[in-house]
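Below: one structure, written as structure tokens.
In what follows, every heavy atom counts, from backbone to side chain, and hydrogens, waters and symmetry copies are set aside. Only a predicted model underlies this, so the values are computations on that prediction, with no experimental measurement involved. Counting starts at 1 for both ligands and their atoms, following the listed order.
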Amino acid sequence: MNPTLQAVRGMNDVLPDEADLWLYVERTVEAWFARWGYRNIRTPLVEPTALFRRAIGEATDIVEKEMYSWRDELNDEELTLRPEGTASCVRAAIEHSLLYDGPKRLWYAGPMYRHERPQKGRYRQFHQFGAEALGFAGPDVDAELIVMCARLWEELGLAGLRLELNTIGSPEERARYRADLVQYLEANFDGLDADARRRLYTNPLRVLDSKNPRVQEVVAKAPLLADYLGEASRAHFEGVRRLLDAARVPYVINPRLVRGLDYYNLTVFEWVSDALGAQGTVCGGGRYDGLFAQLGGKPAPGAGFAMGCERLIALVRDSGHAPPPPRPDAYVLQQSDDGFAYGFVLADELRAAGYRVVQHAGGGSLKSQMKKADASGAWLALIVGEEERARGEVSVKPLRRNEPQVRVPRAEAVSRFAVLLQNAKS
Ligand code: HAM
């Protein structure tokens, strides 16, 4: 016997019961993006490795150890499965001069790949919904991105998501801060773990969001980036905060929030839930005004966010607010092959009229077919017995209410279906 094969570790199947929930969330998210004026963009799953090295940064976890990269010998290219969507959006905007006639609001959805250690809420293939507002410089768009998330949580019936907000200033302000931070961390070297020591010279700001309590003790007394910000950075942050207050979206300022990707400046934010265990960040984002130039484009500001679909959907599932999956309106069953053809055409006409119809396949007694009809969750069974067929009729049996079965002429079955369905539901 051949050995069975399994999905790659950290890459999940989404089975139909779960996929109903995905569809509900995807449709909600699509409609929500449209209401906020964001337009869809689709970019390849595979990009040149250099794109992510340049955009996300050499000294980040993603680029150092999490990318699925390989050399394509045929074309002599270094390629990578995308670990995130921002770099691709900006690449595409530059490549196609998307900003030639003004700024753009874009959204995307799809799988991302990171070779992390799989655990609850953390996968190697995961999915994101993301938004990128390209070409807008002001704090108004930062606030828009944040407030639109708050409205999505409301629409999905999610409570308890906490907004953490910070500003990381300009690259110059950060460089000055970085020098002082390194000096401070060197003076407290004994309190750092191996990871923090390694980060000390490659990416010292990441030491700030260490999860190790011992390192956190050191970090608690470290200099604060906020004290290094100039007038313009402060004003930008004030602008964001004013609009969040106006929209009544509460937030917590987290001065240690720096995010794991290097392209950010000024505003950064995360939406965090305590209901997801260790992987509680549902959505993260911020401003990235240097990214266009870094990728060789004409300088342009940008800001955006991405949310993890698996984490978002876990919250929606646990909230109990997701609608039940749609039932079939009717399940067609029949007594013979001739009956099948009769039911086949009827089902076809009903679907053309917009109804959800499943026809029994595979034969069996009417009684056993009736059990399948019931198990399908359908509102109505449409029964094509020999007698019905001979008389040009169909029997209609409500499956969810204790109502009598009725016979209707086949010729009227489609036109009367709406009323029959209504009765079966109410
Ligand atoms: P990120 O923080 O790396 O940001 O990812 C955003 C979200 O994707 C996370 O908050 C989390 O919900 C989800 N996520 C990340 N990694 C995994 C994983 N291994 N398994 C499951 N979910 C995961 C970005 O990707 C930026 N591109 C966001 C952005 C857009 N910034 C500006 N524009």
Side-chain angles (χ1 to χ4, degrees), residues 8-12 14 25 29 33 38 41 43 47 51-52 55-57 60-63 65-68 81-93 104-134 136 141-142 144-146 148-149 152-153 158 161-164 166 168 206 209 257-273 275-292 301-316:
V8 173
R9 192 165 123 81
M11 307 206 179
N12 301 315
V14 178
V25 173
V29 165
F33 274 132
Y38 284 70
I41 181 166
T43 59
E47 295 274 8
L51 173 65
F52 302 115
I56 300 171
T60 57
D61 284 346
I62 297 177
V63 170
K65 52 190 185 199
E66 294 172 0
M67 295 205 300
Y68 285 89
L81 278 178
R82 66 180 185 192
E84 61 108 46
T86 309
S88 302
C89 281
V90 172
R91 181 209 37 77
K104 293 284 175 306
R105 290 177 168 88
L106 306 174
W107 73 270
Y108 53 89
M112 308 290 163
Y113 301 85
R114 296 183 193 176
H115 202 282
E116 300 193 75
R117 204 160 44 78
Q119 62 182 84
K120 181 170 173 271
R122 190 160 81 186
Y123 310 102
R124 290 179 173 170
Q125 176 183 275
F126 62 98
H127 298 73
Q128 287 183 344
F129 298 120
E132 312 295 351
L134 306 180
F136 301 91
V141 136
D142 306 22
E144 169 180 302
L145 288 159
I146 294 170
M148 66 192 276
C149 290
L152 179 65
W153 315 145
L158 303 182
L161 277 160
R162 179 174 74 248
L163 172 61
E164 299 200 354
N166 192 21
I168 57 169
R206 284 314 303 275
D209 64 4
L257 179 68
V258 292
R259 308 268 306 130
L261 304 94
D262 282 354
Y263 48 59
Y264 293 111
N265 67 303
L266 295 173
T267 319
V268 291
F269 61 93
E270 286 187 351
W271 287 94
V272 186
S273 164
L276 290 170
Q279 305 302 320
T281 307
V282 178
C283 175
R287 181 160 280 285
Y288 46 85
D289 295 330
L291 188 53
F292 273 82
F305 63 72
M307 49 186 80
C309 300
E310 283 79 1
R311 295 180 193 178
L312 178 63
I313 286 167
L315 288 179
V316 171

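Among protein heavy atoms, the minimum distance from atom 27 (N) of ligand 1 is reached at Glu84 OE1, 2.6 Å. The protein heavy-atom contact nearest to atom 19 (N) of ligand 1 is Glu116 OE2, 2.6 Å. Looking at atom 30 (C) of ligand 1, its nearest protein heavy atom turns out to be Thr86 OG1, 2.9 Å. Summary of contacts: the protein heavy atom closest to atom 7 (C) of ligand 1 is Ala306 O, 3.6 Å. Distance from atom 8 (O) of ligand 1 to its nearest protein heavy atom, with residue and atom name: Gln128 NE2, 3.2 Å. If you check which protein heavy atom lies closest to atom 13 (C) of ligand 1, you get Gly308 CA, 3.6 Å.
Within the 4.0 Å heavy-atom criterion, neither part of Glu270 lies near ligand 1. Using a 4.0 Å cut-off between heavy atoms, Tyr288 contacts ligand 1 through its side chain alone, with no backbone atom that close. With a 4.0 Å cut-off on non-hydrogen atoms, Arg122 touches ligand 1 through its backbone as well as its side chain.
Atoms of ligand 1 lying under 4.0 Å from at least one heavy atom of Gly284, given by number and element, are 10 (O), 28 (C), 29 (C). For ligand 1, the atoms closer than 4.0 angstrom to any heavy atom of Leu261 are 3 (O), 4 (O). Applying the 4.0 Å criterion to heavy atoms of Val282 picks out, from ligand 1, the atoms 10 (O), 12 (O). Close approach to Gly121 involves these atoms of ligand 1, each under 4.0 Å from a residue heavy atom: 20 (N), 21 (C), 22 (N).
Using a 4.0 Å heavy-atom cutoff, Gly285 is listed among the residues neighbouring ligand 1. Within the 4.0 Å heavy-atom cutoff, Cys283 counts among the residues contacting ligand 1. Contact between Arg259 and ligand 1 is present, with at least one heavy atom of the residue lying under 4.0 Å from the ligand. Residue contact check for ligand 1: Glu310 places no non-hydrogen atom closer than 4.0 Å to it.
For atom 29 (C) of ligand 1, the choice among Tyr113, Tyr123, Trp271, Tyr264 with the nearest heavy atom turns out to be Tyr264. Taking all heavy atoms of Val90, Thr281, Ile56 into account, the minimum distance to atom 9 (C) of ligand 1 is reached by Thr281. The option from Arg114, Glu132, Gln119, His127 that lies nearest to atom 33 (N) of ligand 1, judged by heavy atoms, is Glu132.
Looking at Asp289, its side chain does come within 3.5 Å of a backbone N or O of Gly302 through a donor-acceptor pair. Of the possible donor and acceptor atoms, none in the side chain of Glu310 sits under 3.5 Å from a partner among the backbone N and O of Arg122. Of the possible donor and acceptor atoms, none in the side chain of Arg287 sits under 3.5 Å from a partner among the backbone N and O of Tyr264. The backbone N or O of Val272 sits nowhere less than 3.5 Å from a side-chain atom of Glu270 that would complete a donor-acceptor pair. A side-chain donor-acceptor contact under 3.5 Å links Arg114 to the backbone of Pro83.
Atom CZ of Phe292 is separated from atom CZ of Arg91 by 11.5 Å, given to the nearest 0.5 angstrom. Between the OH atom in Tyr38 and the CG atom in Leu106 there is a gap of 9.0 Å [rounded to 0.5 Å]. The distance from the OG1 atom of Thr60 to the CD atom of Glu66 is 8.0 Å, given to the nearest 0.5 Å. Distance CG/Leu51 to CZ/Arg82: 11.5 Å, rounded to 0.5 Å.
In this model, a donor atom of one side chain and an acceptor atom of the other lie less than 3.5 Å apart for Thr86 and Tyr263.
The ring-ring contact (aromatic ring centres under 6.0 Å, His included) search around Phe33 returns Trp107, not counting sequence neighbours. Qualifying salt bridge (Lys or Arg N to Asp or Glu O under 4.0 Å) partners for Arg311, counting only residues two or more places apart in sequence or in other chains: none.
Backbone and side-chain nitrogen or oxygen atoms of Phe126 are examined, and none is located within less than 3.5 angstrom of a nitrogen or oxygen of ligand 1. Annotation: Tyr263 places an N or O atom under 3.5 Å from an N or O atom of ligand 1; distance criterion only. Residue Phe305 has at least one N or O atom closer than 3.5 Å to an N or O atom of ligand 1.
In this structure, Phe305 and Asp142 have side chains that are not in contact, with every pair of non-hydrogen atoms separated by 4.5 Å or more.
Paired with His115 under the rule ring-ring contact (aromatic ring centres under 6.0 Å, His included), one option of Tyr123, Phe126, Tyr68 passes, and it is Tyr68.
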